[in-house]
Amino acid sequence: MTWVITRLCRDCIDQGCVEVCPVDCIYAYNGDDNSTFPNQLYIDPEECINCGVCEPECPWEAIFEDEQVPSVFAEDTQLNAKILDDKDSFAVPEVEEKPKPSPQDIEANKAKWGYSA
Ligand code: SF4
Ligand code: SF4
């Protein structure tokens with residue numbers, strides 16, 4: 001099992017998750033194929049120790065255990081795993097804190113991706 005960062009992270013990237021991960025398995029993409037790897041962070045499923053510490057740190061509620069990933073985000077599980085195909089293009093990012101989203105921001109982001117919860 002692993003945890004998965006879904007597209008609810010896209011363009012947020014405040015990286016609260018990165019700071020708490022005990023095994024540094026949350027990565028940013030540094031390559032130029034952004035149609036394959038959009039602007040979000042990714043969890044390496046082979047390094048994740050399934051501790052769940054990152055999940056409550058994500059203000060956008062973007063992180064799920066793989067078995068709990070909502071069906072509208074099913075492709076994101078594969079996309080996190082796909083980083084293994086090009087791991088040299090990924091690195092643990094420098095943490096850059098951003099203002100936290102409001103409850104309205106969080107709901108609007110979910111609605112943008114067709115998710116309600
Ligand atoms: S805290 Fe959440 S939204 Fe921010 S970078 Fe991590 S997964 Fe993405
Ligand atoms: S579940 Fe734990 S090991 Fe896996 S990405 Fe989150 S903090 Fe890191």
Side-chain angles (χ1 to χ4, degrees):
M1 280 202 299
T2 182
W3 288 64
V4 172
I5 297 180
T6 67
R7 61 195 67 191
L8 292 173
C9 168
R10 287 190 194 170
D11 299 326
C12 151
I13 313 201
D14 79 353
Q15 304 166 350
C17 56
V18 175
E19 283 190 296
V20 299
C21 178
V23 293
D24 290 335
C25 73
I26 300 178
Y27 291 90
Y29 179 58
N30 296 322
D32 53 14
D33 182 7
N34 290 112
S35 61
T36 300
F37 295 112
N39 184 32
Q40 63 165 78
L41 299 191
Y42 300 87
I43 293 172
D44 181 329
E46 292 189 346
E47 296 179 350
C48 175
I49 59 170
N50 201 31
C51 69
V53 169
C54 54
E55 188 271 340
E57 296 299 320
C58 176
W60 293 95
E61 302 174 7
I63 306 175
F64 297 85
E65 198 167 14
D66 56 358
E67 292 178 353
Q68 305 293 329
V69 171
S71 56
V72 291
F73 303 141
E75 291 176 7
D76 296 338
T77 303
Q78 310 305 323
L79 191 58
N80 279 238
K82 192 172 174 58
I83 77 172
L84 298 172
D85 295 345
D86 189 16
K87 196 66 191 296
D88 289 346
S89 295
F90 289 83
V92 177
E94 296 290 319
V95 173
E96 175 190 337
E97 202 153 320
K98 290 186 179 175
K100 299 299 180 214
S102 69
Q104 291 78 14
D105 293 335
I106 296 166
E107 289 312 307
N109 187 46
K110 289 178 181 177
K112 183 175 84 175
W113 296 109
Y115 175 57
S116 59

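Counting convention: from 1, in listed order, for ligands and their atoms alike.
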How far is [atom] from its nearest protein heavy atom, and which residue and atom name does that atom have?
atom	result
atom 8 (Fe) of ligand 2	C21 SG, 2.4 Å
atom 2 (Fe) of ligand 2	C51 SG, 2.3 Å
atom 1 (S) of ligand 2	G52 N, 3.1 Å
atom 4 (Fe) of ligand 2	C48 SG, 2.4 Å
atom 5 (S) of ligand 2	C25 SG, 3.5 Å

query = Around atom CD of E75, are there more than 12 heavy atoms of other residues, nucleotides or ligands at under 6.0 Å?
reply =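 No, because the 6.0 Å sphere around CD of E75 holds 12 heavy atoms or fewer from other groups.
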task = Please indicate whether K98 has more than 12 foreign heavy atoms, meaning atoms of other residues, nucleotides or ligands, lying under 6.0 Å from its NZ.
result =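 Buried by this count: over 12 neighbours within 6.0 Å.
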[X] side chain near [Y] side chain, heavy-atom distance below 4.5 Å:
X	Y	answer
C54	C21	no
V69	D76	no
P101	N109	no
T2	N80	no

message = Applying side chain to side chain contact (heavy atoms under 4.5 Å, CB included) to F64 and T77, what does each step give before you reach the verdict?
response = CA-CA 9 Å; F64 297 85; T77 303; over 6 Å; no
request  = Could you tell me how the ring of Y42 sits relative to the ring of F90: parallel (under 30°), tilted (30 to 60°) or perpendicular (over 60°)?
outcome  = perpendicular
Closer than 4.0 Å to some heavy atom of [X] - which atoms of ligand 2 meet that?
X	answer
P22	7 (S)
I49	3 (S)
I43	5 (S)
V23	3 (S)

task = Kindly indicate, with the supporting measurements, whether the criterion side-chain hydrogen bond (donor to acceptor under 3.5 Å, both in side chains) is fulfilled by N50 and W3.
result = CA-CA 6 Å; N50 201 31; W3 288 64; 2.6 Å; yes
message = Taking the cut-offs as 6.0 angstrom to the six-membered ring centre and 45 degrees off its axis, would you call K87 and Y27 a cation-pi pair?
response =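 The answer is yes, since K87 meets both limits relative to Y27.
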ask   = Do T36 and N34 get their side chains close enough for a donor-acceptor pair, meaning under 3.5 Å?
value = no
query = Does ligand 2 have an atom that lies less than 4.0 angstrom from a heavy atom of I26?
reply = yes
ask   = Leaving out waters, which are not shown anyway, how many protein N, O or S atoms lie closer than 2.8 Å to atom 2 (Fe) of ligand 1?
value = 1
